[in-house]
K.L.:
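Quick one: the structure is below, questions incoming.
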Amino acid sequence: MANKGPSYGLSREVQSKIDKKYDQDLEERLTEWIIAQCGAGVGQPEAGKTGWQNWLKDGCVLCELINSLSSGNKPIRKIQSSGMAFKQMEQISQFLNAAEKYGITKTDMFQTVDLWEGKDLAAVQRTLMTLGSLAVTRDDGTYSGDPNWFHKKSVENKREFSEDQLNEGRSVIGLQMGTNKGASQAGMTGYGRPRQILNNNP
């Protein structure tokens, strides 16, 4: 795979905007969580954006992370460190497939090139934040670290109503429709009848 040269003009402007979305504080929090989740064996990245990218680039740390969130069969059976570009990208793809099965939607997923080529590391951060939130929300005993690092996702709260309760609800006029209390037809004439205008002046 050929190395890409520097961007110019509009491409450079777009890349600059993407780079500004990268959050240094979030990098530290995510690093802390990954090490707490996977253990010290995953190592520690060098400080800064490039160091963080290089730490995750071969896909090994990401595969270890998704495996650590599975209590039963591990979604990725073979994790192998390799210096070959296609092997690294393959492992990133394996992580993304496993993450999708875990519950991350396509819209919250980064692309392989976002990480491998450093195109959009903010998207990588978003995916990992979503993964952490899902793990905290599931609360199945596999999550390690401080639960306050991530927001819990909203959970469906389905309610069951009996037929009697549903029928009772149908007879109630909702307040957003107004009220029928105090309503009266006193003084109203029937439809189609002319209004009586009496002139009492002599």
K.L.:
How close do W116 and K57 get, heavy atom to heavy atom, and via which atoms?
P.N.:
O-CE, 3.4 Å
K.L.:
Might you point out which heavy atoms bring V42 and W55 nearest each other, and give the distance in Å?
P.N.:
O-NE1, 2.9 Å
K.L.:
Quick check for you: to the nearest 0.5 Å, what is the distance between Q44 atom CD and E32 atom CD?
P.N.:
9.0 Å
K.L.:
What is the ring orientation for Y143 with W33, classed by angle as parallel under 30°, tilted 30 to 60°, or perpendicular over 60°?
P.N.:
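Taking W33 first and then Y143, their aromatic rings lie parallel (interplane angle under 30°).
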K.L.:
Look up atom OG in S144 and atom CG in D146, then write down how far apart they are to the nearest 0.5 Å.
P.N.:
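Reported to 0.5 Å precision, the distance equals 12.0 Å.
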K.L.:
Taking side chain as C-beta onward, heavy atoms only, is I66 less than 4.5 Å from L131?
P.N.:
yes
K.L.:
Does some side-chain heavy atom of L128 sit less than 4.5 Å from a side-chain heavy atom of I34?
P.N.:
yes
K.L.:
May I ask you to test the L69-Q37 pair for a side-chain heavy-atom distance under 4.5 Å?
P.N.:
yes
K.L.:
Quick one: does T112's side chain get under 4.5 Å of Q88's, heavy atoms only?
P.N.:
no
K.L.:
Flag the pair V124 / L121 as yes when at least one side-chain heavy-atom distance between them is below 4.5 Å, and no otherwise.
P.N.:
yes
K.L.:
Of all the heavy-atom pairs spanning G145 and A36, show the shortest one and how long it is.
P.N.:
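Closest approach of G145 to A36, heavy atoms only: CA-CB, 4.3 Å.
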K.L.:
Identify the heavy atoms of E27 and Q125 that sit nearest to each other, and give their distance.
P.N.:
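Reported closest heavy-atom pair: N-NE2, 3.5 Å.
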K.L.:
Is the CG atom of D140 crowded by more than 12 outside heavy atoms at less than 6.0 Å?
P.N.:
yes
K.L.:
Quick one: does W149's side chain have a donor or acceptor within less than 3.5 Å of a partner on S133's backbone?
P.N.:
no
K.L.:
Is it true that a side-chain atom of S82 and a backbone atom of M84 form a donor plus acceptor pair closer than 3.5 Å?
P.N.:
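Side chain of S82 to backbone of M84, a donor-acceptor pair under 3.5 Å: yes, one is there.
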K.L.:
Out of curiosity, L65 CG to L30 CG, how far, rounded to the nearest 0.5 Å?
P.N.:
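It comes to 9.5 Å.
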K.L.:
Please report the closest heavy-atom contact between N67 and K74, naming both atoms and the distance.
P.N.:
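Nearest heavy atoms, N67 then K74: O-NZ, 3.2 Å.
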K.L.:
List the steps, then state whether side chain to side chain donor-acceptor pair (under 3.5 Å) holds for D108 with T105.
P.N.:
CA-CA 5 Å; D108 288 324; T105 57; 3.2 Å; yes
K.L.:
Is there a donor-acceptor contact under 3.5 Å from the side chain of T127 to the main chain of F110?
P.N.:
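Confirmed, T127 side chain pairs with F110 backbone.
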K.L.:
Flag the pair N148 / V136 as yes when at least one side-chain heavy-atom distance between them is below 4.5 Å, and no otherwise.
P.N.:
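N148 does not reach V136 side chain to side chain.
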K.L.:
Verify the neighbour count for atom CD of Q24: are there more than 12 heavy atoms of other residues, nucleotides or ligands below 6.0 Å?
P.N.:
yes
K.L.:
Counting only heavy atoms not in Q53, do more than 12 fall under 6.0 Å of its CD?
P.N.:
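Correct, the count exceeds 12.
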K.L.:
Say you draw a straight line from NZ of K106 to CG of L96; how long is it, rounded to the nearest 0.5 Å?
P.N.:
9.0 Å
K.L.:
Do K119 and Q111 have side-chain heavy atoms sitting under 4.5 Å apart?
P.N.:
no
K.L.:
Consider side-chain contact (heavy atoms from CB on, under 4.5 Å). Of I92, I76, D58, which one does C63 pass it with?
P.N.:
I76
K.L.:
Under the criterion side chain to side chain contact (heavy atoms under 4.5 Å, CB included), I'd like the reasoning laid out for R126 against M109: C-alpha separation, chi angles, the key distance, then a yes or no.
P.N.:
CA-CA 8 Å; R126 279 195 305 275; M109 206 85 76; over 6 Å; no
K.L.:
Go through the side-chain N and O atoms of Q91 and Q94 and say whether any donor and acceptor fall under 3.5 Å apart.
P.N.:
no
K.L.:
So do T31 and P45 actually touch side chain to side chain, heavy atoms under 4.5 Å?
P.N.:
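Yes, their side chains come closer than 4.5 Å.
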K.L.:
Step by step, would you call L62 with L115 a side chain to side chain contact (heavy atoms under 4.5 Å, CB included)?
P.N.:
CA-CA 11 Å; L62 294 175; L115 173 57; 3.6 Å; yes
K.L.:
What's the separation between atom CD in E64 and atom CD1 in I79, rounded to the nearest 0.5 Å?
P.N.:
4.0 Å
